[in-house]
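Numbered from 1 within each chain, the chains take letters A, B, ... in sequence-line order. Since we're looking at a predicted model, the values are computed, not measured.
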Amino acid sequence: MMDNHIILSFKGEITSEIITMVLQIMETRLEAEEAKSSVKKKVFNVLVECMQNLYHHAEAELPGQEMTRKAMLEMYFLDGYYNIVTGNFIKNENVEMLKARLDKVNSLSKDELRQFYREILDNNQISSKGGANLGMIDMARKSGEKLEYHFTKVNDDTSFFDFKVRIGAKKKKAMEMA
Amino acid sequence: MDNFFIERSKQTPEIKFDAESGVLEIMGRSIPENTFDFFNPVLSWLDEYSKNPASKTVVKVNLEYFNTSSSKYILEILKRVKNIMNDGYDVLVEWYYEEDDEEMMETGEDYEDVSGLPFTLISVEED
């Protein structure tokens, strides 16, 4: 059994340089982790998606503060799971859409997620921010768990978005055993 | 036409397209934030290549990681190859994955399904 530990804690603006730096550090740290390499790969992949979501979608807390688009990112290992947690402000007007997307992804089984991934891959246009709307589906597939989230209204313009992805360090064998 | 080459970086793959042999290789990882800037020249080259392709085109995808914004562009590459196939040329996609990387194998199957191209999934031993 691996001990619980904190792997990463970051708060600040997510720039292209920061992403490069954090990923470089995390690659080294993940190498030192005891988990199987396939698990580490999933963790790294989810981390990339999370950081790129923050890079493209984090908003300022107040309008007019666009220069300070702060966000937070944490990773820790707890009770057999890697937890990747992000926090950022988003515009209230985008909350419903994001919530609907997360609920949809969470309602699907493993096979349905795969089917949904194929549909979106094939049909959706690439958005102006480069996102292909595949991020949440991809993270849910890699996680195998429900995506956890919470919105807190901050003011008339913004809400705070808490988001957590869990990845089990032990590969599930349930299906093979059944 | 000229061959196309981009050296790999920490966030972008090596791209090696050989117009004469028809071997198009994508190797490494593809996790840039701005995928458009990276892939646009790749797609432009393929548009030119499609006009006069080799008798057989083999796309070798050997990626360790790619982000979801790269995944659309990988499909765009394969769609261009599909057009080459529809023009009556031989094409094949070789999709490489590390032997314990089930995800990457499944992703290969997803692309095979979505692109409608002939695929060979090839398992490689880890370094």
Side-chain angles (χ1 to χ4, degrees), chain A residues 14-21 23-24 27 36-57 110-111 113-144 167 171-172, chain B residues 8-13 28-40 42-43 61-79 82 95-117 119 123-127:
Chain A
I14 307 284
T15 61
S16 195
E17 291 74 22
I18 292 285
I19 294 181
T20 309
M21 196 179 73
L23 291 179
Q24 211 165 329
E27 212 165 13
K36 285 176 65 173
S37 80
S38 56
V39 172
K40 295 189 212 181
K41 228 176 210 185
K42 286 184 192 179
V43 171
F44 188 78
N45 253 307
V46 169
L47 185 68
V48 168
E49 290 300 324
C50 281
M51 294 200 79
Q52 289 175 355
N53 276 348
L54 294 176
Y55 175 82
H56 288 296
H57 303 296
K110 189 173 185 281
D111 288 343
L113 268 176
R114 189 172 195 189
Q115 200 47 48
F116 190 41
Y117 175 90
R118 290 182 180 188
E119 274 168 35
I120 301 286
L121 179 65
D122 200 19
N123 298 331
N124 264 46
Q125 296 300 308
I126 297 163
S127 81
S128 60
K129 288 182 176 176
N133 293 336
L134 284 169
M136 295 298 180
I137 307 172
D138 187 59
M139 285 192 272
R141 286 182 76 186
K142 296 226 157 64
S143 160
I167 296 165
K171 213 174 173 186
K172 283 193 200 137
Chain B
R8 81 173 68 188
S9 76
K10 287 212 178 300
Q11 300 202 2
T12 55
R29 55 174 61 176
S30 184
I31 52 171
E33 295 90 64
N34 299 306
T35 32
F36 176 84
D37 295 345
F38 180 79
F39 281 103
N40 209 35
V42 178
L43 295 177
V61 182
N62 190 351
L63 291 170
E64 180 193 8
Y65 298 111
F66 58 89
N67 58 4
T68 53
S69 48
S70 295
S71 53
K72 274 277 162 186
Y73 287 96
I74 293 167
L75 185 64
E76 284 303 314
I77 290 172
L78 298 183
K79 280 185 173 166
K82 181 75 182 286
W95 186 275
Y96 294 82
Y97 63 95
E98 286 181 4
E99 58 182 349
D100 73 335
D101 193 348
E102 211 176 301
E103 302 282 319
M104 195 53 92
M105 186 198 76
E106 284 188 3
T107 308
E109 292 172 353
D110 293 339
Y111 275 97
E112 179 178 13
D113 178 76
V114 172
S115 71
L117 287 167
F119 260 61
S123 148
V124 290
E125 276 183 44
E126 276 182 83
D127 317 323

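- A:Ser16 meets the side-chain hydrogen bond (donor to acceptor under 3.5 Å, both in side chains) test with B:Glu33; sequence neighbours excluded.
- Between chain B and the residues A:Glu27, A:Met51, A:Arg118, the most heavy-atom pairs under 4.5 angstrom are made by A:Arg118.
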* Do B:Asn34 and A:Tyr55 pass the side-chain contact (heavy atoms from CB on, under 4.5 Å) test, and can you show the C-alpha distance, the side-chain angles, and the key distance before you say yes or no? -> CA-CA 10 Å; B:Asn34 299 306; A:Tyr55 175 82; 3.8 Å; yes
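- Residues B:Glu102 and A:Ser38 have side chains that never bring a donor and an acceptor to within less than 3.5 angstrom of each other.
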* Asked: Going through the checks in order, is the salt bridge (Lys or Arg N to Asp or Glu O under 4.0 Å) test met by A:Arg141 and B:Asp110?
  -> CA-CA 13 Å; A:Arg141 286 182 76 186; B:Asp110 293 339; 2.9 Å; yes
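- Across A:Asn45 and B:Tyr65, no two heavy atoms sit closer than the pair ND2-CD2, 3.6 Å.
- With a 4.5 angstrom heavy-atom cutoff, B:Leu75 touches chain A only via side-chain atoms.
- Considering every non-hydrogen atom in both A:Ile120 and B:Lys72, the closest pair reads O-NZ, 3.1 Å.
- Interatomic distance, CG of A:Leu121 versus OG1 of B:Thr107, reported as 9.5 Å (0.5 Å rounding).
- Atom NZ of B:Lys10 and atom OG1 of A:Thr20 lie 9.5 Å apart (nearest 0.5 Å).
- B:Asp101 has a carboxylate O that lies under 4.0 Å from a charged side-chain N of A:Lys41, or vice versa, which qualifies the two as a salt bridge.
- With a 4.5 Å cut-off on non-hydrogen atoms, A:Gln24 touches chain B through its side chain but not through its backbone.
- Note: A:Phe44 CZ to B:Glu64 CD = 8.0 Å, rounded to the nearest 0.5 Å.
- Between the CG atom of A:Leu134 and the OG atom of B:Ser70 there is a distance of 11.0 Å, given to the nearest 0.5 Å.
- Interface remark: A:Leu23 contributes side-chain atoms only to the contact with chain B (heavy atom separation under 4.5 Å).
- The heavy-atom pair separating A:Gln52 from B:Ile31 by the smallest distance is NE2-O, 2.8 Å.
- Remark: the backbone N or O of B:Thr68 is paired with a side-chain donor or acceptor of A:Glu49 at under 3.5 angstrom.
- Salt-bridge annotation for A:Lys42 and B:Glu103: present, with a side-chain N of the basic residue lying under 4.0 Å from a carboxylate O of the acidic one.
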